[in-house]
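I have placed the structure first, in the form of structure tokens, so that the comments after it can refer back to it.
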Amino acid sequence: MMENYQNMSVGDLEARKAALSSGRKFKKTIVEPEIEEPQNEKEPLTSFVAEEQANIDIFENEIVLDAVYSKAHKRVIAIQPQIDDFASVLPVEVLDDAKEKIKRKKYYIDTHNTPETTKQRKLSTITEALFTDGVSRYMWLGEGMESYVISVYDDYFNNIDGVVRFTREKEEFEGFAVDLHCGLSEERLQNKFNHLVEDIINGKIGQLEYLLDDNEEPFQTISLPKFVIAIPAREAKELFALWHKNDTDALKAHPIKILILEQIIAQANALRYVATRAGHHDIEKLYDRILSYINITAVNNRQDLTKALYGLIQNPIATRISTMITKAEYVQTKKAAYYVTVRY
């Protein structure tokens with residue numbers, strides 16, 4: 001054990017020095033104080049939920065990450081469609097094949113597991129649960145929107161993490177799918193958007209094969225436009241803390257909703273342009289519908305964002321997000337135009 005020199009008297013220090021030089025064992029004459037916990041030990045969960053520990057980093061603290069993940073996992077599992085839910089509409093052979101594909105995919109993930117991929121999967125589950133609540137409970141996209149948790153199958157094989165439905169449309173399923181990411185790099189985000197552009201050029205949009213409605217009745221296969229939604233790491237940390245504490249008011253007011261809205265609008269405008277140039281007017285109309293719903297909510301939220309940007313109200317988060325929005329609109333729209341120009 002290392003000596004605590006701060007608790008030694010001058011006499012003890014001199015005695016220890018003499019003992020070391022003569023080879024004798026030194027014994028202190030004062031009582032050893034209790035040893036404090038090392039500073040780099042993991043913070044307990046109780047510290048995380050306390051207000052004074054609001055800045056703890058969920059990305060680095062495994063205890064906190066596991067606690068929030070546990071809540072998110074339970075939230076997702078409770079409402080996630082299972083393959084057997086579709087026994088009334090799909091043949092047994094189709095269901096068995098889907099189960100086998102999921103089994104093989106899970107095996108591959110487990111056998112290629114690393115600490116980093118494990119953490120990323122936990123963050124993905126938290127992000128999915130947060131987005132579901134954000135749309136349905138905190139009205140991030142405005143009224144008349146409902147978010148659905150998707151099946152493991154659609155997550156693995158259709159690259160979809162969530163679905164938003166326009167609830168005002170009762171006759172048919174209208175909405176869009178999302179590919180959610182937490183702390184995604186700009187390069188990877190751009191690559192994923194490029195894939196969306198290529199799909200539109202080829203006349204393809206997102207496809208869901210296993211989705212349940214509000215009454216847990218199965219839908220047939222649904223095709224929906226898809227967007228890539230990225231929540232920056234800094235904002236994600238704030239949101240995860242608020243969500244874990246069930247701070248509904250703060251989550252309803254958080255400016256992340258504006259960033260999500262603007263990502264959808266920027267991508268919808270760009271992909272609509274791609275669909276028009278490629279001659280896929282049926283897809284073009286789908287983006288028109290999405291924009292007609294989303295723009296109403298966005299206009300109301302932009303007022304506060306503009307005030308923050310010009311210093312009329314103090315909101316540093318909104319100011320950060322306004323900068324991200326400007327960059328996202330430019331990059332995604334220009335990239336979409338470039339792809340179409342080259343192709344056609």
Side-chain angles (χ1 to χ4, degrees), residues 45 48-49 54 56 58-59 64-82 120-152 154-155 160-168 173 175-184 208 210-216 224 226-264 290 293-294 297-298 300-301 304 317-318 321:
L45 181 59
F48 169 67
V49 298
I56 192 168
I58 185 175
F59 297 99
V64 176
L65 177 61
D66 286 344
V68 183
Y69 168 73
S70 177
K71 175 181 176 179
H73 182 69
K74 291 176 183 177
R75 175 84 173 92
V76 169
I77 288 297
I79 54 178
Q80 187 172 52
Q82 305 299 315
Q120 286 303 319
R121 284 203 302 276
K122 290 178 180 179
L123 291 173
S124 295
T125 299
I126 297 170
T127 305
E128 290 167 21
L130 177 63
F131 181 82
T132 299
D133 284 351
V135 173
S136 300
R137 295 178 58 190
Y138 312 132
M139 304 300 174
W140 283 353
L141 303 183
E143 296 181 356
M145 307 279 184
E146 186 71 26
S147 182
Y148 291 74
V149 171
I150 51 83
S151 67
V152 173
D154 285 318
D155 184 5
I160 292 174
D161 297 316
V163 174
V164 175
R165 184 183 188 183
F166 305 141
T167 56
R168 283 169 282 185
F173 196 107
F176 55 88
V178 291
D179 182 4
L180 296 167
H181 294 277
C182 171
L184 191 66
L208 285 148
Y210 296 93
L211 186 67
L212 298 175
D213 65 15
D214 293 332
N215 298 316
E216 297 189 358
L224 295 171
K226 186 167 71 171
F227 302 108
V228 181
I229 305 298
I231 299 179
R234 184 174 178 179
E235 282 67 36
K237 184 177 74 170
E238 298 167 352
L239 290 165
F240 292 167
L242 294 171
W243 184 72
H244 192 67
K245 292 187 289 184
N246 296 314
D247 194 336
T248 301
D249 291 339
L251 285 163
K252 283 184 175 180
H254 199 286
I256 193 65
K257 61 185 178 182
I258 307 172
L259 178 59
I260 293 173
L261 282 165
E262 295 295 350
Q263 286 184 83
I264 294 171
I290 292 170
Y293 280 97
I294 295 295
T297 304
N300 296 331
N301 283 297
D304 287 340
I317 300 175
I321 287 176

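What you see below is based on every heavy atom in this structure, not just the backbone, and it leaves out hydrogens, waters and symmetry mates.
Counting heavy atoms from C-beta on, the side chains of V135 and M139 never come closer than 4.5 Å. The shortest side-chain heavy-atom distance between V164 and L141 falls under the 4.5 Å cut-off. Side chains of V228 and H181 form a contact here, defined as non-hydrogen atoms less than 4.5 Å apart. Annotation: side chain of V163 is in contact with side chain of L208 (closest heavy-atom distance under 4.5 Å). Side-chain contact check for I77 versus Q80: some heavy-atom pair is nearer than 4.5 Å. Using a 4.5 Å heavy-atom cutoff, the side chains of F173 and R165 are in contact.
A distance of 10.0 Å separates CD1 in I229 from CD1 in I256, rounded to the nearest 0.5 Å. Put simply, CZ on F240 and OH on Y69 are 13.0 Å apart, with the number rounded to the nearest 0.5 Å. In this structure, the separation between CG on L180 and CG on D161 is 5.0 Å, given to the nearest 0.5 Å. Going from atom CG of L261 over to atom CD1 of I294 covers 5.5 Å, rounded to the nearest 0.5 Å. Atoms CD and OG, from Q82 and S151 in turn, are 8.5 Å apart once rounded to the nearest 0.5 Å. Taken to the nearest 0.5 Å, the CG atom of L251 stands 5.0 Å off from the OH atom of Y138.
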Full working for side chain to side chain contact (heavy atoms under 4.5 Å, CB included) between I160 and D179: CA-CA 5 Å; I160 292 174; D179 182 4; over 6 Å; no
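A salt bridge links K122 with D66: at least one charged nitrogen is closer than 4.0 Å to a carboxylate oxygen.
Residues D154 and Y210 come closest through the heavy atom pair OD2-N, 3.0 Å. Scanning all heavy atoms of the two residues, the minimum distance from K252 to R137 falls at CE-O, 3.6 Å. The shortest heavy-atom contact between K71 and W243 is NZ-O, 2.7 Å. Between V149 and P81, the shortest heavy-atom distance links the atoms O-CD, 3.3 Å.
Relative orientation of the F166 and Y293 rings is parallel, given thresholds of 30° and 60° on the angle between their planes.
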Would you give me the side-chain donor-acceptor pairs under 3.5 Å for residues 123-132, sequence neighbours excluded?
unit_1 : atom_1 : unit_2 : atom_2 : d
S124   : OG     : Q120   : O      : 2.9
T125   : OG1    : R121   : O      : 3.1
T127   : OG1    : L123   : O      : 2.7
T132   : OG1    : E128   : O      : 2.9

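Inspection of the E146 and T167 side chains reveals no N or O donor paired with an N or O acceptor under 3.5 Å.
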